[in-house]
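Below, each value reflects all heavy atoms present in this structure, side chains not excepted, and no hydrogens, waters or symmetry copies.
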There are 4 protein chains.
Amino acid sequence: MGETSKPLGRPRSEDARLAVLHAADDMLVEQGYAAMTMKGIAERAKVGRQTVYRWWSSKAEILLEASAADAVRELTLPPGADPEADISAFLSALSTFLTRSDAGLAYRALLGEAQHDGKVAELVRGGDVLGEAARVVIRRAGAAGAFEGERDDALVAELVGPLVFRVLSGGWDPTEGELSAMARRFLRR
Amino acid sequence: MGETSKPLGRPRSEDARLAVLHAADDMLVEQGYAAMTMKGIAERAKVGRQTVYRWWSSKAEILLEASAADAVRELTLPPGADPEADISAFLSALSTFLTRSDAGLAYRALLGEAQHDGKVAELVRGGDVLGEAARVVIRRAGAAGAFEGERDDALVAELVGPLVFRVLSGGWDPTEGELSAMARRFLRR
Amino acid sequence: MGETSKPLGRPRSEDARLAVLHAADDMLVEQGYAAMTMKGIAERAKVGRQTVYRWWSSKAEILLEASAADAVRELTLPPGADPEADISAFLSALSTFLTRSDAGLAYRALLGEAQHDGKVAELVRGGDVLGEAARVVIRRAGAAGAFEGERDDALVAELVGPLVFRVLSGGWDPTEGELSAMARRFLRR
Amino acid sequence: MGETSKPLGRPRSEDARLAVLHAADDMLVEQGYAAMTMKGIAERAKVGRQTVYRWWSSKAEILLEASAADAVRELTLPPGADPEADISAFLSALSTFLTRSDAGLAYRALLGEAQHDGKVAELVRGGDVLGEAARVVIRRAGAAGAFEGERDDALVAELVGPLVFRVLSGGWDPTEGELSAMARRFLRR
DNA sequence: GATTAATCGAGACGGTACGTCGCGTCTTAGT
DNA sequence: ACTAAGACGCGACGTACCGTCTCGATTAATC
């Protein structure tokens, strides 16, 4: 019935796939986004170049696949004691993610690349990890009663926009005090 | 004594300088940041490559010099009738800047590049056109009495962060209604 | 005892063999030797690549098998009225073979490749179609009395060398007059 | 008046030109024609790849430039005592050239490549070193009275064709006796 | 006016990544 | 055992841009 017949020929190598993802991740951390080339990834992963191009069309795609799962994990938190603690913990996790985590480094690199590459922009818009995570926290706070008439996207932007903007534009690394001030301000609306 | 003696040799050509800046601006708009190469800029400006490298060390520097003045002009507004109108007008100008202006395109490209290039990050931090413009507007509103104990940077981020985040991460183009809602929310704190 | 037991498993596909030979021949004529790749042959013959590699180790081998029979046929002539006519007819056939026939194109390509590939050189030395054909004609003329003390190879070279050299080194296409002059010179020795 | 103005920009580097020619020559001798790649030549010559492509469009062109002068030198002989000695010495030089000299290796590789590459065929036809050398010897013998009504090309082919054919098609290495027999046969016509 | 010195356009230089192509091998399922 | 299909590691292809380096020609200020 709905069965999909198996594709012909040699099946894709899972080993090669993982080797590429890990190589990309490592190179981003060790050498940075600009020095991370398709050729370099292939060589470090001990994989043919064609194998990389067969499955990914750019280093951005590789990076997204390599880091999306990590990003989700790092930004998914257990509910906090009260809304303020919950929001504050999320902002703290977000700050750590953006300034210290490997996946966050990938996120910033991708968001950066998206500003001058339409294809990357679509990729970023598609896998909106940061927005998804923020929505979860906002809903948890909203269940307590707030934010009746507001649109999700606007709330997400209110919550993460200030923090993200400061990190992106200045390499800012916020203190706990600043984060809880942000959380309080977000809830008092 | 304190006078700087005129340098020897042939003086720098203003024609060449302007030709390079215009070529960079045009190429950014027509072909995008990635396709805008040092070689291409030199050729389009009908200028030797060494001449470009002599005065700028990267395409980011050229772009900054080419667009900073425009950016300041586009984000400098006459005072509005009341604080809400003033803030709202600023957000509108900022939105137009980011989504439609050439200088805004350059700003986004530079902010993007800054995420994976430390030198560009410093350039962007140095010439903080967006922050400067926001501070002016915030001070105008603050003169009326608000924001006593808060740090400038935090206020700037509260004001522009949500808008910038939405534009950067999704190509969002806000409506007037959304902008004035943003302005009201910013003032009610 | 002396009987060879039938090999196990699926027998070799004659369809596949012929498809490969025809594909190679066609590609040589249509696209030339350089553009005739193992991959291309397999695809045009609608045959797996492994099937090609299983039975032939290089495109030279395929070409030899594809053209050797044709070459022999084109260079085997009925005896002429007299030695001069016989030799002249052979030279004419050889000229046509080298400059116009598909098999001759293959012969030239193989002889060319043999100059910088030892394996092809052995193949060419082994299946010496051109020498075999020349020897037949020389023996027919020799039966009438000439060439007592001379070695075969030397005579073959005297007969075909001048013609082959001119074709190989300049794409020369001889006239009937030139060919019969050659034949006369060969016999007068 | 007839003066040609000097070209603009940095002039071509003679060092780079010679490094490429020597690298090509060495690689041909050490590794053979097939293993001699444009990439390999550039690397061995310690020269950028673009520099090779800027001045030569194929390895055949490089090889021709690298070996043509040597070929002429090796095939240019002082007049012999009598026509037979002269011709015989030439055939001996030709044989050594084809079977043992580096330039001869290049000649055979080029003649081979010419059979399946039209562009190389033109190059070979253009710089007809072998024919030129043969013509000199033939004229010297002809001055003594022979070959009145015959065309140059035909005589060249009669002289060198048999030898070249045997070397090309079988890797033949002739003895002195065979060479002087060839010389005698050529003169008796 | 001649000299000096830094600029200018032009373009070759040694490098290196690009994305593609063919190599010969391998691993599937199917005949 | 053989078939077609197609992924695999490998490495050369020819191109583009990098940033540097020579060229001859200009353009002022200094001698």
**OP:** May I ask you to decide if the ring planes of Tyr33(A) and His116(B) are parallel, tilted or perpendicular, using 30° and 60° as cut-offs?
**Re:** parallel
Original post:
salt bridge (charged side-chain N to carboxylate O under 4.0 Å, His left out): which pairs involve residues 14-39 of chain D, sequence neighbours left out?
Top reply: Glu14(D)-Arg17(D), Arg17(D)-Glu65(D), Asp26(D)-Arg44(D), Glu30(D)-Arg44(D), Lys39(D)-Glu43(D)
**OP:** Run the numbers on Trp56(D) and Val20(D) for side-chain contact (heavy atoms from CB on, under 4.5 Å), then give the verdict.
**Re:** CA-CA 10 Å; Trp56(D) 299 275; Val20(D) 168; 3.5 Å; yes
Original post:
So which one's nearest nucleotide on DNA chain E is more toward 5', Ser57(C) or Lys59(A)?
Top reply: Lys59(A)
**OP:** Over all heavy atoms of both residues, which pair between Asp102(C) and Leu28(C) is shortest? Give the atoms and the distance, please.
**Re:** O-CD2, 4.4 Å
Subject >> Base versus backbone protein contacts along nucleotides 7-12 of chain F [heavy-atom cut-off under 4.0 Å; B, S, -] >> reply: BBBB-S
Original post:
Mind checking which nucleotides bracket the chain C contacts on DNA chain E, 5' to 3', with an atom under 4.0 Å from a heavy atom?
Top reply: dG22(E) to dT31(E)
**OP:** State which residues pass side-chain contact (heavy atoms from CB on, under 4.5 Å) with Ala71(D); sequence neighbours excluded, sorted by chain then number.
**Re:** Phe97(D), Ala103(D), Val129(D)
**OP:** Return the angle between end axes of the helix from dG1(E)-dC31(F) to dT31(E)-dA1(F), with five pairs used per end and rounding to 10°.
**Re:** 10°
Original post:
Please give, in whole Å, the distance from dC17(F) P to Arg44(B) CZ?
Top reply: 14 Å
**OP:** Verify, without hydrogens or angle tests, whether Gln115(D) (side chain) and Leu168(C) (backbone) share a donor-acceptor contact under 3.5 angstrom.
**Re:** yes
Subject >> Sequence neighbours excluded - salt bridge (charged side-chain N to carboxylate O under 4.0 Å, His left out) pairs with any residue from residues 50-63 of chain C >> reply: none
Original post:
Do side-chain atoms of Ser67(C) reach the backbone of Leu63(C) as a donor and acceptor pair under 3.5 angstrom?
Top reply: yes
Subject >> Verdict with reasoning, Ile41(B) to Ile62(B), per side-chain contact (heavy atoms from CB on, under 4.5 Å) >> reply: CA-CA 10 Å; Ile41(B) 291 169; Ile62(B) 303 176; 4.1 Å; yes
Subject >> Met38(D) versus Val52(D), closest heavy-atom pair with distance >> reply: CE-CG1, 3.9 Å
